[in-house]
Amino acid sequence: MPEKDPSLWDSIALYLSLIITWGTGAAGQIYVSGGVGGAVRWIMEIKGKSPVSFLRILFDGVTAVITGAIFARYLGPVIAKWLAGVGMWPDAGDATTAGFLAGVGGMSVAKVVIAMIDAQSHKFTGKK
C-alpha cells in the first residue's frame, strides 16, 4: 500500500507537540520563564499609559517576551549563582526562577544599554 503524505493538521499537531515537549524540557523552561518575565515587565510598563495603537502595544509585548527569553538564556546562570551566593540553595526551581528574574530585569538592562549607546552617538553627531 502506498504511503500518503501527512495532512496539514497532522503537520500542525506534530510541530505543536514538538514545541510543547521542548518547552517543558530543561532548556525550554529557561526560555519560557524568561519570556514570562519579559511579559510581566511589559504588563507593568503599559499599565496606566494611554495606548498609542493596538499594533504598537502588541509589537512591544512580543519584543518584551523575546528579550526576556534571550536574557534568561544568557543572564540566567549569572543570576542563579547570585541566588546561590545569597543563601538560596540551587535546586531544579532555581534555574527557572533565575530565568524569570533575568526576563524581568532584561528589559531594564536593555533600556540602559540603548540609552548609553544613544548618548554616545549624540556626542559624535552633535544632534540631540
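Computation of the quantities below employed the complete heavy-atom set of this structure, encompassing side-chain atoms and omitting hydrogens, waters and symmetry-equivalent molecules. We're numbering straight along the sequence, starting at 1.
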Query - Single hit among Thr97, Thr96, Leu101 for side chain to side chain contact (heavy atoms under 4.5 Å, CB included) with Ser33 - result: Thr96
Query raised in the report: Roughly how far apart are Ser11 OG and Asp5 CG, rounded to 0.5 Å?
Result: 9.0 Å
Report task. Answer yes if Trp82 and Tyr74 sit in the same cluster of Ile, Leu, Val, Met, Phe, Trp and Tyr residues linked by side chain heavy atoms under 4.5 Å apart, and no otherwise. Result -> no
Report summary line: On a heavy-atom basis, the closest approach of Ala98 and Gly76 is CB-O, 3.4 Å
Report summary line: Minimal heavy-atom distance between Ser17 and Leu14, with the atoms involved, is OG-O, 2.7 Å
Query raised in the report: Any link between Leu75 and Ile30 through a network of hydrophobic side chains (Ile, Leu, Val, Met, Phe, Trp, Tyr) touching at under 4.5 Å?
Result: no
Query raised in the report: Taking atom CD1 of Ile79 and atom CG of Leu83, what is their separation to the nearest 0.5 Å?
Result: 7.5 Å
Query raised in the report: According to a 4.5 Å side-chain heavy-atom criterion applied to Ile, Leu, Val, Met, Phe, Trp and Tyr, with indirect links allowed, do Met44 and Val36 form part of one hydrophobic cluster?
Result: yes
Requested in this report: Using only heavy-atom distances, determine whether the side chains of Thr63 and Asp60 contain a donor-acceptor pair under 3.5 Å.
Outcome: no
Report summary line: Of all heavy-atom pairs linking Tyr31 and Ala27, the shortest is CD1-O, 3.3 Å
Query raised in the report: What are the two closest non-hydrogen atoms of Ala72 and Gly99, and how far apart are they?
Result: CB-O, 3.5 Å
Query - Hydrophobic cluster identity match, Trp22 and Ile20, side-chain contacts under 4.5 Å - result: no
**Report entry** Nearest heavy-atom neighbours spanning Ile57 and Trp42
**Finding:** O-CZ2, 3.3 Å
